[in-house]
Amino acid sequence: MTNPFGLAPAADVDHQRRADRRPSSTGCGSLVRWAGGVVLCALLAGGLAERGAAQERSSAVADRRDDLSPWGVASGAEWFNAYPQFMPVLRRAGVGWLRGFYEWQIIQPVPGRWNFTLPDALVRIARANDVHLVGVLAYLAPWASADGGTRQFPIKDIRFWRDYVDGLVTRYHADIKYWEIWNEFNGSFAPGGTPAQYAELVREAAIAAKKIDPNAKIGMSVASFDVNFIDAAIKSGAAGHFDFVCVHPYEYLAELAAGGEPAFLSMTTSLRNMLKANHQSERLPLWITEIGSSAPTRPDQAADDTQAVLLTKAYLLSIAAGFERVFWFEARGPSYGKGTDYGLIREDMSPRPSLTSLKTLTDVLGQEPKAAGWLNLGDGIYGFLFDGAKGAVLAAWTAPRHDTRITFDSEVLITAPSGASTTVGAGTPVSISSKPVLLTGLSPRLIEMARKNRDAPYPWAASAAGNVAVARLGDDSQAGALSQIRQDTTVAEQGARRMNFARADKEGHYAYFRVDPAFLGLGAKQVEITAVVRRAKPGEIAGMSVDYESTRGYVGADYRTIPDGDQWTELSWRLSDANFAGAWGWNFRLNAIASPNELLIREVRVKKLD
């Protein structure tokens, strides 16, 4: 979602896309051009052995360009002129990785002429701060693009790309091991681009880079969680030419406020299943190279605390699920005109609570934490065990509205994201809420229980009876393998949910749903989607269609009119090519954008037909 380089403001459509993908709490930086500036960009069946694959490398990493730290940050362009100040601030907070590099057109403004002045300074300063850089190879030089810009595909000659990769890896291979290919090629950063063209970039970059540095690592990358795009690129020629996979799951982070932990935890299993289906190693490292949540530009305790809680959960869930490295977007926050930004540091260089929370994580868990298991502490309580620098650490919190009190059989030290800590004696009730806490001093019995669960399925998995998943909507929507997400697009009314056409952003014309991948995941499937609906007011015409993930991406099914009257009726759609990956966080949505009036939804079902 961000431009990880120092160049031009993109068209307004990119700003609109960013807004569309952020239902107030997701998304990230603008597409920017900063002349001459440095810009750094930024299942629940998943209790399998692969979950820990990323952490099975030896702790004795001989390559000084690498380590086992998961703690990364990405940074946007607008305020990066302050990187000499904020890079040491990040390092003191325990951050060991920074994602980004200069854009092609800065480094090679014309064919055959190189200008390494700015990237040389960047590499030198990162080295001085003991921060590893992840290079992002992008975008096009104007003289290599289809339209004289920096985004439009196809590239004029793939040899230009090879030379570009060759030049960078030759100069910087002593400092940079990991190279991410493009930034969100599947989004708005490569108009005219196809999976086959992206596969060519990946393949040619890998061949060129590894001729110079056999230990260089090449990463495939997508906006959001577009597993289908990665799948298509692998099938189009990228197979065997990449070493790690990167995703930007902003939408999954946003859903944590509504209990989206199971969906978040499912991502690594979906990715590994996709890799396995393509005969690629299931143990390839998985990275999150952008994830973030906004907060007001001015101090706001409630909003700042929300951002800090989401950051804490983002890192903890990612490590627990098996992501090797996580990059929070962003370091210092610019403002995109709406009074909010994503930064750990404000414009005036004052730290947000989210920076404090990140430092608390690195202090308590250490630089190389490893996922060690989980504990079922009770209904709606998440408990993840990590091996930290000073021993076992349990991270615990509850689902929304499940605050509770539990006791431990030993004295424990409880550390809040703010860094405040307190000691509680054995048998003394401990309050657990939706805000994570870190507990140390657990008894050997509990630690052993958690370790035995390491490769077992998580206990929070949704379930569905037989071949039908049901979501019942209302004041407190009941969900299992099928759930309504982004519930704020609808309003509880009469034991159902009413589409809220009053919303200025038009999102009130949609109701979004996600199917647990353990019930129905990747691969073309025949399914039937049924919605139990009625008109909001008799006599007022209403109807809807269905948008869904298919083998061709998100597509629409036909529009249906709801019969008149106040009775509930069932509308069904049979789909032959459903391919539910959750690319943008949802699998299907009921679409009433063409409806002249509002409607009520009481129940939604998904039935597997094959």
Side-chain angles (χ1 to χ4, degrees), residues 23-26 44 249-267 291-296 300-321 326 328 352-358 360-361 364-365 374-386 393-408 412-422 424 429-440 450 458-462 475-480 483-488 492 514 516 585:
S24 82
S25 61
T26 58
L44 206 18
Y250 290 93
E251 294 83 357
Y252 285 77
L253 180 67
E255 285 303 310
L256 294 183
E261 284 85 351
F264 199 106
L265 290 165
S266 75
M267 287 191 290
I291 194 167
S293 179
S294 64
D300 180 310
Q301 183 174 344
D304 287 343
D305 285 349
T306 296
Q307 184 194 48
V309 166
L310 287 173
L311 175 143
T312 303
K313 291 181 179 180
Y315 282 102
L316 292 172
L317 288 168
S318 297
I319 298 169
V326 185
W328 182 265
R352 279 201 171 99
S354 53
L355 180 65
T356 301
S357 296
L358 179 51
T360 298
L361 288 172
V364 176
L365 293 173
W374 53 263
L375 284 174
N376 187 357
L377 299 171
D379 183 37
I381 309 175
Y382 301 101
F384 301 98
L385 187 75
F386 302 91
V393 181
L394 181 70
W397 66 91
T398 71
R401 301 180 300 279
H402 279 71
D403 292 11
T404 189
R405 291 161 67 86
I406 59 177
T407 60
F408 292 89
V412 294
L413 179 66
I414 305 171
T415 303
S418 65
S421 60
T422 184
V424 175
V430 175
S431 296
I432 305 293
S433 71
S434 59
K435 295 182 179 180
V437 292
L438 304 175
L439 301 102
T440 54
Y458 294 118
W460 311 289
D475 293 327
D476 188 13
S477 296
Q478 300 176 22
S483 58
Q484 183 189 8
I485 61 174
R486 306 184 192 179
Q487 290 191 21
D488 60 347
R514 181 184 181 277
D516 189 278

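Keep in mind that this is a model prediction, so the values were computed, not measured. Note: hydrogens, waters and symmetry copies are ignored here, and every other heavy atom, side chains too, is used.
Atom OH of Tyr250 is separated from atom CG of Leu310 by 13.0 Å, given to the nearest 0.5 angstrom. In this structure, Leu316 CG and Leu438 CG are separated by 6.0 Å, a value rounded to the nearest 0.5 Å. Between the CD1 atom of Ile432 and the CD1 atom of Ile406 there is a distance of 4.5 Å, given to the nearest 0.5 Å. In this structure, CG on Leu256 lies 8.0 Å from CH2 on Trp397, to the nearest 0.5 angstrom. Taking OG1 of Thr356 as the start and CG of Leu361 as the end, the distance is 11.0 Å to the nearest 0.5 Å. Interatomic distance, Leu439 CG to Leu375 CG, rounded to the nearest 0.5 Å: 10.5 Å.
Salt bridge absent: Glu251 and Arg486 never bring a charged side-chain N and a carboxylate O closer than 4.0 Å.
A heavy-atom distance below 4.5 Å is found between the side chains of Leu394 and Leu377. Within the 4.5 Å cutoff, the side chain of Ser433 has heavy atoms near those of the Asp403 side chain.
Of all non-hydrogen atoms in Asn376 and Pro459, the two that sit nearest each other are ND2-CB, 3.8 Å. The minimum heavy-atom distance between Pro249 and Met267, with the atom names listed, is CB-SD, 3.6 Å. In this structure, Asp304 and Arg352 approach most closely via the heavy-atom pair OD1-NE, 3.7 Å. Annotation for Ala295 and Ala303: closest pair CB-O, 4.3 Å, computed over non-hydrogen atoms. In terms of heavy-atom proximity, Trp328 sits nearest to Ala314 at CZ3-CB, 4.3 Å. Residues Arg514 and Ser266 share a closest heavy-atom pair of NH2-OG, 2.8 Å.
Two rings, from Phe264 and Trp460, have their centers 6.0 Å or more apart.
Judged by distance alone, with hydrogens and angles left aside, the side-chain atoms of Ser318 form no donor-acceptor pair with the main-chain N or O of Tyr315 at under 3.5 Å. Using modelled atom types, one side-chain atom of Lys313 and one backbone atom of Ser434 make a donor-acceptor pair closer than 3.5 Å.
Applying side-chain contact (heavy atoms from CB on, under 4.5 Å) to Thr440 and the options Val412, Val393, Ile414 leaves one that passes, Val393.
Partners of Asp305 by salt bridge (Lys or Arg N to Asp or Glu O under 4.0 Å), not counting sequence neighbours: none found.
Aromatic ring orientation, Phe384 versus Tyr458: perpendicular (interplanar angle above 60°, classes split at 30° and 60°).
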